[in-house]
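Working notes for the structure below.
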Amino acid sequence: MILQAVKMAWKSIASNKMRSFLTMLGIIIGVMSLVVLVSLVSGTTESVEDQISSIGNNMLTVTVQDDKGRPLKLSEVTALAENDEIESAAPVTQSSVTAASAYSEENAALYGTTGAYYDIQGLELYAGRFIKNTDIENHTNVAVINAGLAREVMGRMDVAGETVKLNGTEYQIIGVLAAKDSDSSTTENYEAYIPYTSLIRLTDDVSSDVTTFCASAASEETLDKAESVLNDTLLERFSQDEDAFTVINQSTVMEAMQNVTNTLALLLGGIAAISLLVGGIGIMNIMLVSVTERTREIGIRKAVGAGKGTIMLQFLVEALMISLMGCAVGIFLSWITLRVISGVGGENMNYSLRLGVVWISIAFSMGLGIIFGIYPANKAARKQPIEALRYVG
């Protein structure tokens with residue numbers, strides 16, 4: 001019976017190709033919206049998570065808003081690493097400078113820090129070395145530059161040992177950072193790292209008082225303990241004032257980001273689902289038209305012994321087939337769309353079809369086909385044979 005219903009449904013769909021396609025269009029658009037939007041959000045989320053994970057989930061960032069007249073000094077921040085729960089700590093402050101060479105010049109972000117910053121942030125070197133304690137103690141004019149600054153200002157990557165001017169002051173390049181996977185030629189970042197003590201001398205915007213520093217726990221398992229140690233230490237220093245400072249836990253940032261992106265995916269998925277509902281209404285509308293057009297056919301089938309269940313199954317299968325065919329086309333077009341977006345975006349944008357959202361689309365389309373096909377199918381099944389045979393359209 002089901003096989004016969006499928007054959008009849010296919011014959012009906014094939015005999016009205018344009019009408020069937022226009023009916024499917026709502027489902028196609030809805031499925032494309034759902035699959036593409038959710039896949040884009042998921043792909044972006046994974047990319048951001050990978051970048052955060054590359055730094056590590058054992059990092060803590062501390063910002064001091066009110067030092068209560070007892071500012072932190074460089075030696076006190078580095079001394080935090082003597083605690084068993086804290087592996088290393090490094091002050092970090094930022095300023096904007098003009099980086100120049102005989103080749104070119106660009107505005108760059110300049111960071112003043114110590115050697116511990118390298119391990120805390122999970123940086124990688126292309127050539128040379130990072131800042132050492134001797135550079136901090138001697139206020140040495142040395143700099144580590146990132147790949148973007150090396151390419152655009154120096155003209156090439158292998159520039160360790162050469163000099164670059166930062167706001168007119170010459171700094172010897174002791175290292176070049178490796179290019180990150182997230183680097184993009186369209187949004188190039190220009191960064192340089194110099195000893196914290198050297199940045200104090202370079203600009204008046206930075207003082208010897210440390211207002212921001214980062215620290216790493218011995219492991220991800222001891223991250224909460226390390227955070228407690230920092231909180232207790234800073235509370236004791238700043239008169240038990242919790243508002244005087246902020247400690248940001250890297251894993252907390254990851255969880256918050258996941259919550260936001262999950263909410264965004266649900267929101268976009270909900271909006272796309274509305275398009276699918278509109279497509280379902282289109283299926284019901286066209287099935288009602290089909291039932292009216294085929295009234296005599298229904299009468300003949302009932303006259304030769306077809307029951308209500310048989311007639312209802314015929315039209316329900318037809319509605320389901322239209323919905324699933326539209327879903328299949330929508331998924332295929334979604335795959336093409338995601339490939340095009342990934343190709344245009346380059347290596348940094350790799351969006352793939354999410355199997356989970358594909359199954360959701362199939363299930364949703366089946367549900368729509370059944371729900372919006374029941375009323376027309378039931379209407380067809382309830383027609384009286386004699387009245388149906390008298391129908392002349």
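Not measured: the values here are computed from a predicted model. Values below: every heavy atom of this structure, side chains too, minus hydrogens, waters and symmetry copies.
A salt bridge does not link Asp232 to Arg237: none of the charged nitrogens lies less than 4.0 Å from a carboxylate oxygen. Of the charged side-chain nitrogens involved, none lies within less than 4.0 Å of a carboxylate oxygen, so that Lys165 and Glu105 do not count as a salt-bridged pair. Contact check on Arg156 versus Asp158 returns no salt bridge, with no Lys/Arg side-chain nitrogen under 4.0 Å from an Asp/Glu carboxylate oxygen.
In this structure, a donor-acceptor pair under 3.5 Å is present between the side chains of Ser88 and Ser216. In summary, the side chains of Glu152 and Ser104 do not present any donor paired with an acceptor at a separation below 3.5 Å, with no hydrogens or angles considered. Using a 3.5 Å distance cut-off with no hydrogens or angles, the side chains of Thr163 and Gln172 do not pair a donor with an acceptor.
When every heavy atom of Thr23 is checked against every heavy atom of Gly282, the shortest pair comes out as CG2-O, 4.0 Å. In terms of heavy-atom proximity, Ala226 sits nearest to Ala217 at CB-CB, 3.7 Å. Among all heavy-atom pairs drawn from Val164 and Ala100, the shortest one is CG2-O, 3.5 Å. Here the shortest heavy-atom pairing between Pro376 and Gly373 reads CD-O, 3.4 Å.
Not one N or O on the side chain of Asp135 forms a donor-acceptor pair closer than 3.5 Å with the backbone of Ile131.
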One pair to check against side-chain contact (heavy atoms from CB on, under 4.5 Å): Thr61 and Val247. What are the steps and the verdict? CA-CA 6 Å; Thr61 304; Val247 179; over 6 Å; no
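Aromatic ring orientation, Tyr193 versus Tyr111: parallel (interplanar angle below 30°, classes split at 30° and 60°). Classified by interplanar angle (parallel below 30°, tilted 30° to 60°, perpendicular above 60°), the ring pair Phe245/Phe238 is tilted.
Taking OG1 from Thr222 and CD from Glu87, the interatomic distance works out to 8.5 Å, rounded to the nearest 0.5 Å.
Looking at heavy atoms from C-beta onward, Val31 lies in side-chain contact with Ser365 at the 4.5 angstrom threshold.
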